[in-house]
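Take a look at the structure below.
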Amino acid sequence: MTQHFKVLYFASAKDASKTDGDKFEWSDNINAEALTKLLLERHPDLAPILKISMFAVNMEYMDQDNSWTVQPGDEVAIIPPVSGG
Amino acid sequence: MTQHFKVLYFASAKDASKTDGDKFEWSDNINAEALTKLLLERHPDLAPILKISMFAVNMEYMDQDNSWTVQPGDEVAIIPPVSGG
Amino acid sequence: MKDIVKITADIISLDEIAKAVADPKAGAISTFSGTTRDNFEDKEVKTLAYEAYIPMAEKSIQSLITAARQKWDDLIHVAIVHKIGDCPVGETSVVIAVSSGHRVQGLEAVHWLIDELKVQVPIWKKEVYTNGGPDGTDGGEMWKANNTLP
Amino acid sequence: MKDIVKITADIISLDEIAKAVADPKAGAISTFSGTTRDNFEDKEVKTLAYEAYIPMAEKSIQSLITAARQKWDDLIHVAIVHKIGDCPVGETSVVIAVSSGHRVQGLEAVHWLIDELKVQVPIWKKEVYTNGGPDGTDGGEMWKANNTLP
């Protein structure tokens with residue numbers, strides 16, 4: 001059975017992707033770099049946004065240089081620079 | 001013509017003197033020390049209060065070691081330790 | 001000891017929130033309200049539009065409150081309420097309110113909480129201008145960024 | 001740029017005062033409220049009774065605001081309101097509210113203002129207890145002192 005993960009877009013990422021979320025097919029070894037490639041294949045306009053954004057996985061910020069990989073069922077969020085308060 | 005100055009009492013000073021103000025006859029050279037004597041003659045119970053209080057003259061704090069003297073018409077206030085806020 | 005965390009599209013009332021943190025043991029209530037200014041770098045702001053990754057923002061705010069209680073042990077109740085949706089000029093976008101036994105820790109905690117909120121919590125504001133957009137066009141809008149990344 | 005200084009026997013409303021310092025140019029409103037706690041060193045407080053040398057207190061508060069504006073140039077409006085008379089448990093005795101373009105200066109100014117008010121302004125509070133006075137008697141009352149003289 002095919003497994004999936006979700007990606008959520010906010011603020012300028014939502015403007016660039018023109019959607020608030022996508023479903024992606026999961027495969028092994030999707031690290032930050034591979035995830036970026038997948039995102040750019042679907043939404044080339046995300047390129048400048050991804051350069052300044054963080055990833056959050058299941059509502060936890062991920063370091064860009066960590067060896068984390070996406071797991072089946074994960075919710076990945078693209079977090080552009082925040083401006084609350 | 002006899003000239004005067006006023007003394008105002010607040011908080012514990014008012015409790016000790018049992019009044020909120022007095023009128024004193026003015027004379028030359030009433031400095032902090034002489035003023036303390038005058039006050040104690042009229043209100044001996046002020047003794048411990050005066051030890052911990054500031055004088056204010058016409059709403060300005062006076063240093064205890066200054067060579068200021070009371071002037072005719074002055075309003076002198078006995079200011080125990082403050083506790084506003 | 002209550003933690004009050006709310007992300008809402010409703011108008012935010014400072015009074016209500018201050019009352020929510022009041023307590024007979026409190027000698028101090030310290031608050032911060034962020035409000036929409038009418039200008040940004042010579043551009044006239046019409047409204048701010050706030051967007052949030054709501055569940056993560058709530059979780060992030062709760063983590064900040066927990067961390068604040070570890071840094072300051074005199075805090076009684078802590079409330080953080082943030083607006084989403086349109087926030088026109090003069091309206092309140094965020095309130096932080098802290099009750100404490102004494103003033104120092106409450107005042108310090110409020111300052112720290114707003115500083116941390118601005119860098120950690122996934123909330124974004126878009127400035128909508130009435131004149132002179134960022135690229136010189138009439139009107140316009142722009143997603144803002146606070147000064148530092150997490 | 002308003003300075004609001006008030007010493008009053010009326011109930012003090014944080015909301016009213018925060019609204020009085022609101023301004024379209026303000027991105028931040030910072031406040032401090034002092035409230036009557038229900039205890040002091042194991043004694044149960046019934047009420048605080050505040051007394052002031054009113055004209056000197058008003059003058060002293062105005063001087064503090066002027067000094068704050070010299071230390072921080074981002075302040076818009078500043079309000080300091082202090083209660084006199086009885087202030088039972090839970091009631092507000094003082095509010096300091098500052099509006100500013102940005103948060104840092106407003107937050108710092110509020111903290112400084114309450115610290116300075118507590119050492120400089122001729123206002124006194126008497127604690128009235130419901131049990132166990134300072135000399136062990138039932139009930140009782142005591143003039144308090146803040147920690148440092150001017």
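Side-chain atoms are counted along with the backbone in the values below, which use heavy atoms only and exclude waters and symmetry mates. Numbered from 1 within each chain, the chains take letters A, B, ... in sequence-line order.
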Find the distance between OG (A/Ser12) and NZ (C/Lys126) and round it off to the nearest 0.5 Å. 10.0 Å
Take atom NZ of C/Lys144 as the centre, draw a 6.0 Å sphere, and report whether it contains more than 12 heavy atoms from other residues, nucleotides or ligands. yes
Has A/Gln3 got more than 12 heavy atoms of other residues, nucleotides or ligands less than 6.0 Å from its CD? yes
Engaged part of C/Lys125 at the chain A interface, taking heavy atoms whose separation is under 4.5 Å: both
Check for a donor-acceptor pair, side chain of C/Asn146 on one end and backbone N or O of A/Gly84 on the other, with a separation under 3.5 Å. yes
Checking A/Asp20 against chain C: side chain, backbone, both or neither under 4.5 Å from a heavy atom? neither
Value for CD (A/Glu60) from OG (C/Ser60), rounded to nearest 0.5 Å, stands at 9.0 Å
Where is the tightest heavy-atom contact between A/Gly85 and C/Ser93, given as atom of each residue plus distance? O-OG, 3.8 Å
Closest heavy-atom contact between C/Gln120 and A/Val82? N-CG2, 4.3 Å
Proximity breakdown for C/Ala49 and chain A, heavy-atom pairs closer than 4.5 Å: neither
Please classify the contact of C/Tyr53 with chain A as side chain, backbone, both or neither, using a heavy-atom distance under 4.5 Å. both
One option among C/Val121, C/Leu48, C/Ile80 has the most heavy-atom pairs under 4.5 Å with chain A, and it is C/Val121
Does A/Lys6, at its NZ atom, have more than 12 non-hydrogen atoms belonging to other residues, nucleotides or ligands within less than 6.0 Å? no
Sole residue of C/Tyr50, C/Trp124, C/Trp143 in ring-ring contact (aromatic ring centres under 6.0 Å, His included) with A/Phe10: C/Trp124
Steps toward side-chain contact (heavy atoms from CB on, under 4.5 Å) verdict (A/Lys14, C/Glu51): CA-CA 11 Å; A/Lys14 184 162 69 179; C/Glu51 180 184 312; 3.3 Å; yes
Please check if atom NZ in C/Lys6 has more than 12 non-hydrogen atoms from other residues, nucleotides or ligands closer than 6.0 Å. no
Calculate, to the nearest 0.5 Å, the distance between atoms CG and CD belonging to A/Asp15 and C/Glu141 respectively. 7.5 Å
